[in-house]
Amino acid sequence: MSEIRVTKERVDHLMGTAEKQAMVCYAKHMILIAKLENGFVIETSSGCVDPKNFDEEIGEEICTKKLEDKASLPVSMPTSIATAENRSY
């Protein structure tokens, strides 16, 4: 298992400085894309079967949580950072 860890503080920083774009498709599907400060782009989506049940705010909250989960993976960190002394971000 990798000894590289991404701290909550680092994820919060990455998400806070990310350039984000949200779009609603077909009146029931939310797509959220974030370009992190290191240039890495992550995307996710959420949706529902019936457009009557779709809530854009809830969809964006779900997508934001998914993006935070993806940003916490070491794969979203550039290799140059992975050589840091404490191997934490």
Side-chain angles (χ1 to χ4, degrees):
M1 182 158 196
S2 173
E3 44 182 283
I4 299 172
R5 296 175 311 281
V6 182
T7 65
K8 169 90 169 93
E9 292 79 17
R10 181 66 178 150
V11 170
D12 290 345
H13 174 78
L14 285 171
M15 295 308 296
T17 59
E19 177 185 329
K20 298 178 191 112
Q21 292 183 9
M23 60 191 101
V24 175
C25 301
Y26 309 111
K28 63 178 187 170
H29 193 84
M30 168 69 68
I31 298 173
L32 188 59
I33 302 168
K35 181 178 178 186
L36 305 181
E37 65 180 5
N38 60 16
F40 198 83
V41 176
I42 52 178
E43 58 80 23
T44 193
S45 64
S46 66
C48 61
V49 175
D50 188 342
K52 289 184 265 181
N53 296 328
F54 181 74
D55 182 304
E56 190 171 335
E57 188 175 314
I58 292 172
E60 192 163 346
E61 288 175 17
I62 291 168
C63 286
T64 298
K65 174 63 177 127
K66 288 180 176 181
L67 286 180
E68 289 170 355
D69 291 345
K70 286 185 176 185
S72 69
L73 297 174
V75 72
S76 65
M77 299 292 115
T79 307
S80 60
I81 295 176
T83 59
E85 283 183 26
N86 68 0
R87 311 278 268 181
S88 292
Y89 306 103

Hits for side chain to side chain donor-acceptor pair (under 3.5 Å) against D12, two or more places apart or cross-chain, chain-then-number order -> K8
Shortest non-hydrogen pair, C48 vs N53, comes out as SG-C, 3.9 Å
Students should find that the hydrophobic cluster of I31, defined by side-chain heavy atoms under 4.5 Å apart, otherwise consists of M23, I33, V41
Value for NZ (K65) from CG (L32), rounded to nearest 0.5 Å, stands at 14.0 Å
On a heavy-atom basis, the closest approach of F40 and I42 is CE2-CG2, 3.4 Å
Sequence neighbours excluded, the answer for side-chain contact (heavy atoms from CB on, under 4.5 Å) partners of T44 is C63, K66, L67, K70
Tightest non-hydrogen contact, residues K28 and P51, listed as CB-CA, 3.8 Å
Sorted by chain and number, sequence neighbours left out, side chain to side chain donor-acceptor pair (under 3.5 Å) with K20 holds for none
For E61, the side-chain contact (heavy atoms from CB on, under 4.5 Å) test, sequence neighbours excluded, returns E57
Of all heavy-atom pairs linking A22 and M30, the shortest is CB-SD, 4.0 Å
By salt bridge (Lys or Arg N to Asp or Glu O under 4.0 Å), E43 pairs with (sequence neighbours left out) none
What one should report as the nearest heavy-atom pair of E68 and V11 is O-CG1, 3.7 Å
Nearest heavy-atom approach of G59 to S46 is O-OG, 3.2 Å
